[in-house]
Amino acid sequence: MLENTKIAMIGLGYVGLPLAVEFGKKYTTVGFDINRPRIDELKTGHDHTLEVSDEELAGADKLSYTADIEDIKSCNIYIVTVPTPINEYKQPDLSPLEKASDLLGKVIKQGDIVIYESTVYPGATEEVCVPILEQVSGLKFNENFYVGYSPERINPGDKEHRVTNILKVTAGSTEAIAEQVDQLYKSIITAGTHKASSIKVAEAAKVIENTQRDVNIALINELALIFNRLDIDTEEVLIAAGTKWNFLPFRPGLVGGHCIGVDPYYLTYKAQSIGYNPEIILSGRRINDGMGEYVVSRLVKLMLKKRLHVQDSNVLIMGLTFKENCPDLRNTRVVDIIKELETYGVNIHVYDPWVDPEEAVVEYGIKPIAALEEGKFDAIVLAVAHEQFKQMDIKQVRALGKPDSVIYDLKYLFPADLTDERL
């Protein structure tokens with residue numbers, strides 16, 4: 001079937017677009033997104049997320065873009081790459097996935113395959129998405145249409161680990177479909193594929209990848225809290241411990257983004273629904289979710305020690321994105337620091353050269369400053385390790401503050417003796 005493949009990519013964000021570009025080099029591919037400004041942007045040959053260069057977009061000569069459902073009806077493979085966030089109660093929000101399934105139920109036909117890439121809890125694809133596809137389409141699952149699952153492993157901003165050189169896990173609703181899905185991805189993934197025995201296994205594999213990282217970072221964050229009380233520099237401890245060959249090189253910090261700070265809640269939600277209360281995973285989440293509050297408490301104490309008046313002080317936050325050298329603002333935990341600082345009545349100034357100011361306003365009501373001003377700030381928080389900040393000399397950072405200002409370094413950008421405190 002590969003020679004007759006026509007693919008529709010549902011969702012053209014950080015995950016969908018790079019995948020659409022790769023498929024668009026080999027197969028007729030239609031990139032679909034309900035966000036018309038996004039479609040208009042891509043038609044001009046530019047991606048504001050910077051995940052795909054203008055040259056790469058131009059190289060996908062079989063890829064087109066649309067916001068019209070009629071343009072994807074002739075496709076026979078539909079790949080869903082919509083986000084799977086959590087709600088305010090830290091429970092899975094499957095509404096984007098449900099809406100995508102409802103939309104596809106209106107277009108799928110005999111023999112079509114719907115492949116989901118969104119991170120979910122084990123069972124979600126067959127328990128939530130498939131019934132919607134059946135109800136809307138009137139077709140019968142595994143008789144008239146089929147489903148596959150291949151979890152995304154995109155790392156936003158990472159120019160080394162790209163779609164094609166990250167090994168891909170695949171799965172299908174029948175043995176034959178699993179093989180067909182595997183061959184489809186294998187045709188563009190140079191790193192190869194791993195065909196899981198079932199969709200549930202593939203779903204579980206994805207959700208524990210980030211859960212494992214989350215728990216490991218939580219351990220290091222807890223160690224940082226302990227070492228701070230012992231007046232020991234955490235990085236020095238980690239460097240010393242890291243001389244052993246099997247010590248894992250995790251570092252403390254804020255844990256945000258669209259995956260690590262979200263996926264564990266999908267797994268814990270499913271675990272609790274079957275009567276098991278996960279202790280390690282949730283304790284790790286509590287530690288990581290509390291890091292913003294901890295950073296502010298330390299910053300305020302540092303300011304008070306220098307007899308700086310906290311209320312109405314000017315605090316500079318350097319970095320807003322969830323990770324370095326990337327414009328991605330999704331689930332950034334820097335906002336935790338900002339919200340906590342607001343309770344102290346400080347004037348907050350956010351600077352991030354990677355951020356789209358309009359997006360920051362829409363997403364968080366935060367208007368970043370356009371340029372840095374010397375001698376203005378009472379405290380400076382180095383929150384994200386952007387390359388632009390790494391290239392700054394500590395004297396340049398100090399110059400931004402008043403003579404007795406405080407510098408808190410979350411990301412170990414400078415040696416311990418050159419800042420007032422590090423995480």
Side-chain angles (χ1 to χ4, degrees), residues 157 221 224 251-257 261 288-304 306 308-394 396-402 404-414 418-423:
N221 275 337
R251 289 293 184 270
L254 305 175
V255 184
N288 289 341
D289 280 345
M291 291 308 292
E293 184 178 346
Y294 170 78
V295 167
V296 173
S297 72
R298 295 300 306 170
L299 181 69
V300 169
K301 286 181 181 179
L302 288 171
M303 294 176 71
L304 292 175
K306 286 197 173 185
L308 296 174
H309 193 62
V310 176
Q311 190 171 12
D312 289 327
S313 63
N314 289 302
V315 177
L316 172 64
I317 308 293
M318 295 182 67
L320 180 60
T321 59
F322 92 88
K323 65 178 292 187
E324 66 276 3
N325 306 322
C326 173
D328 196 346
L329 286 172
R330 291 175 297 172
N331 195 37
T332 174
R333 300 299 6 124
V334 178
V335 298
D336 293 347
I337 295 176
I338 294 170
K339 288 179 180 178
E340 185 66 15
L341 280 171
E342 287 174 345
T343 66
Y344 287 90
V346 306
N347 301 310
I348 302 164
H349 309 264
V350 179
Y351 176 74
D352 193 319
W354 283 85
V355 165
D356 178 346
E358 291 184 9
E359 184 180 356
V361 171
V362 171
E363 290 293 323
Y364 301 107
I366 296 169
K367 187 175 182 180
I369 58 176
L372 294 170
E373 184 179 338
E374 290 190 0
K376 178 173 182 176
F377 305 104
D378 298 287
I380 299 167
V381 179
L382 295 160
V384 184
H386 289 317
E387 192 61 36
Q388 290 93 329
F389 301 159
K390 286 183 177 180
Q391 292 174 0
M392 293 177 72
D393 186 271
I394 187 62
Q396 291 176 280
V397 178
R398 283 280 179 201
L400 299 172
K402 297 173 184 177
D404 54 354
S405 63
V406 168
I407 295 179
Y408 192 103
D409 186 359
L410 261 81
K411 304 301 293 184
Y412 300 156
L413 293 181
F414 300 102
L418 297 181
T419 62
D420 293 281
E421 189 169 308
R422 303 196 299 178
L423 185 58

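Counting heavy atoms from C-beta on, the side chains of Y408 and L382 never come closer than 4.5 Å. With contacts defined as side-chain heavy-atom distances shorter than 4.5 Å, the pair V397/I407 qualifies. Looking at V335 and I366, their side chains come closer than 4.5 Å, going by heavy atoms from C-beta outward.
More than 12 heavy atoms of other shown residues, nucleotides or ligands fall within 6.0 angstrom of atom CD in E387. The number of heavy atoms from other shown groups lying within 6.0 Å of CD (Q396) is above 12.
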How far apart are the C-alpha atoms of D420 and K301, what are their side-chain angles, what is the distance that settles it, and do they pass the salt bridge (Lys or Arg N to Asp or Glu O under 4.0 Å) test?
CA-CA 11 Å; D420 293 281; K301 286 181 181 179; over 6 Å; no

With side chain to side chain contact (heavy atoms under 4.5 Å, CB included) as the criterion, how do L316 and Y351 come out once you've worked through the C-alpha distance, each side chain's angles and the decisive distance to 0.1 Å?
CA-CA 7 Å; L316 172 64; Y351 176 74; 4.1 Å; yes

Full working for side chain to side chain contact (heavy atoms under 4.5 Å, CB included) between I337 and I317:
CA-CA 9 Å; I337 295 176; I317 308 293; 4.1 Å; yes

Applying side chain to side chain contact (heavy atoms under 4.5 Å, CB included), run through V406 and L308 and close with a yes or a no.
CA-CA 9 Å; V406 168; L308 296 174; 3.9 Å; yes

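In this model, no donor atom of one side chain and acceptor atom of the other lie less than 3.5 Å apart for D312 and N347. Side-chain contact check for Q388 and W354: at least one donor-acceptor pair (N or O, by modelled atom type) lies under 3.5 Å.
D352 places a side-chain N or O within donor-acceptor distance of the main-chain N or O of L320, the cut-off being under 3.5 Å. Panel note: side chain T343, backbone E340; a donor-acceptor pair is recorded below 3.5 Å. Of the possible polar contacts, one joining the Y412 side chain to the L423 backbone as a donor-acceptor pair under 3.5 Å is found. Under the 3.5 Å distance criterion, the side-chain polar atoms of Y344 are left unmatched by any main-chain donor or acceptor of S313. No donor-acceptor pair closer than 3.5 Å links the side chain of N325 to the backbone N or O of H386. A donor-acceptor pair is defined here as one N or O able to donate and one able to accept, closer than 3.5 Å; no such pair exists between the side chain of R298 and the backbone of R422.
For D404 and K306, the salt-bridge test fails: no basic side-chain N is under 4.0 Å from an acidic carboxylate O. We find that D336 and R333 are joined by a salt bridge, their nearest charged nitrogen and carboxylate oxygen being less than 4.0 Å apart.
Contact record, A379 with L299: CB-CD1, 4.0 Å, taken as the closest heavy-atom pair.
Note on ring orientation: taking the six-membered ring where Trp is involved, the planes of H349 and F377 are perpendicular (angle over 60°, cut-offs 30° and 60°).
Exactly one residue among I394, D393, D409, L413 makes a side-chain contact (heavy atoms from CB on, under 4.5 Å) with L418. That residue is I394.
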